[in-house]
Amino acid sequence: MSSLYDQIYAVIARIPSGCVATYGQIALALGMPNGARTVGWAMRHCPKGLPWHRIVNAQGKSSLSAEGRDLQRALLADEGVHMDLEGRVDLKRYRWQEV
DNA sequence: TGCGTGACTTGAC
DNA sequence: CGTCAAGCCACGC
């Protein structure tokens, strides 16, 4: 089942621990430079086992609500990624660089 | 088939 | 740095 969703999930699953990626970056990896919204739409399904906490918007901020943001912050902190109380991370430092 | 919606992005004020 | 608007893609009804 190589649906578009599976492709998105596969890319997200490829994100190494201790790093974060933006929706646009994932979309770009799939060949959709402007498909960031599609990625977010897919993320809405939140499959189990998916490191969704490594996904942030282009501003390096969590697009989730306060609750999700708090959980994301905890998960990232566990991976060594420091996230501000505002849900903001240093993309210049933690942004996932495709290899 | 067509419109509305959404965990987005970028540029402009 | 904050907010507003337009553009973009895929899916549900």
Side-chain angles (χ1 to χ4, degrees):
Chain A
M1 301 180 23
S2 304
S3 310
L4 178 58
Y5 279 19
D6 294 327
Q7 302 265 336
I8 296 172
Y9 300 145
V11 174
I12 295 169
R14 262 164 60 187
I15 302 173
S17 177
C19 293
V20 297
T22 67
Y23 297 89
Q25 172 140 25
I26 296 166
L28 187 65
L30 294 172
M32 295 185 277
N34 294 15
R37 301 194 71 174
T38 307
V39 177
W41 207 93
M43 291 301 294
R44 215 173 81 131
H45 290 243
C46 284
K48 193 176 182 179
L50 191 73
W52 56 271
H53 56 273
R54 293 179 191 156
I55 311 299
V56 295
N57 58 25
Q59 296 178 28
K61 271 195 150 186
S62 177
S63 305
L64 304 169
S65 303
E67 297 181 24
R69 190 194 317 154
D70 182 59
L71 178 59
Q72 180 176 30
R73 184 167 68 81
L75 291 168
L76 286 176
D78 187 57
E79 296 186 350
V81 179
H82 178 71
M83 176 180 268
D84 292 355
L85 296 175
E86 296 181 6
R88 188 168 70 198
V89 300
D90 191 341
L91 281 178
K92 300 188 310 258
R93 183 172 158 159
Y94 300 112
R95 195 174 193 253
W96 172 44
Q97 297 174 76
E98 298 180 64
V99 273

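Below, read A as the first sequence line, B as the second, and so on, with proteins coming before strands; counting in each chain starts at 1. Hydrogens, waters and symmetry mates play no part in the numbers below; they use all other heavy atoms, side chains included.
Taking atom CG of A:L75 as the reference point, atom C1' of B:dA7 lies 15 Å away to the nearest angstrom. When rounded to the nearest whole Å, the span between CG of A:L30 and C1' of C:dA10 equals 13 Å. What separates CD1 of A:I15 from P of B:dA7 is a distance of 18 Å, to the nearest Å. Between the P atom of C:dC11 and the OH atom of A:Y5 lies a distance of 5 Å, rounded to the nearest Å. Summarising the geometry, the separation between CE on A:M83 and P on B:dA7 is reported as 17 Å, rounded to the nearest angstrom. The distance between atom CG of A:D6 and atom P of C:dA10, rounded to the nearest whole Å, is 15 Å. Look at CE on A:M43: it is 23 Å from P on B:dT5, rounded to the nearest Å. The CG-P distance, from A:N34 to C:dG7, rounds to 12 Å in whole Å.
Toward the 5′ end of DNA chain C lies the nearest nucleotide of A:G35, the other residue of the pair A:H45 and A:G35 mapping further downstream. Sequence order on DNA chain B of the closest nucleotides to A:W41 and A:P33 puts A:W41 first from the 5' end. Both A:T38 and A:A58 sit near DNA chain B, but only A:T38 has its closest nucleotide nearer the 5' end.
In the set C:dC9, B:dA7, B:dC8, B:dC8 carries the atom at the smallest distance from any side-chain atom of A:A36. For A:Q59, the listed nucleotide lying nearest its side chain is B:dT10; candidates were B:dC8, B:dT10, B:dG6. Proximity note for A:W52 (side chain, C-beta onward) versus B:dT9, C:dC9, B:dA7: the nearest is B:dA7.
More than 12 heavy atoms of other residues, nucleotides or ligands shown are found within 6.0 angstrom of CD on A:E98.
At a threshold of 4.0 angstrom between heavy atoms, the contacts of A:S63 are confined to the sugar-phosphate backbone, with no base atom among them.
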For the pair A:L4 and A:W41, evaluate side chain to side chain contact (heavy atoms under 4.5 Å, CB included) and give the outcome as yes or no after the intermediate values. CA-CA 11 Å; A:L4 178 58; A:W41 207 93; over 6 Å; no
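No side-chain heavy atom of A:Q25 sits under 4.5 Å from any side-chain heavy atom of A:V11. Using a 4.5 Å heavy-atom cutoff, the side chains of A:W96 and A:R54 are not in contact. The shortest side-chain heavy-atom distance between A:Y23 and A:S63 falls under the 4.5 Å cut-off.
The stretch residues 35-50 of chain A participates, sequence neighbours left out, in no salt bridge (Lys or Arg N to Asp or Glu O under 4.0 Å) pair at all.
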Which dot-bracket string fits DNA chain B when only Watson-Crick or G-U wobble pairs with both atom distances under 3.5 Å count, crossing pairs get [ ], and | stands for a partner on a different strand? .|||||.||||||
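Residues A:I15 and A:Y9 are members of one and the same hydrophobic cluster, defined by side-chain heavy-atom contacts under 4.5 angstrom among Ile, Leu, Val, Met, Phe, Trp and Tyr.
Side-chain atoms of A:R37 and base atoms of B:dG6 include a donor and an acceptor less than 3.5 Å apart.
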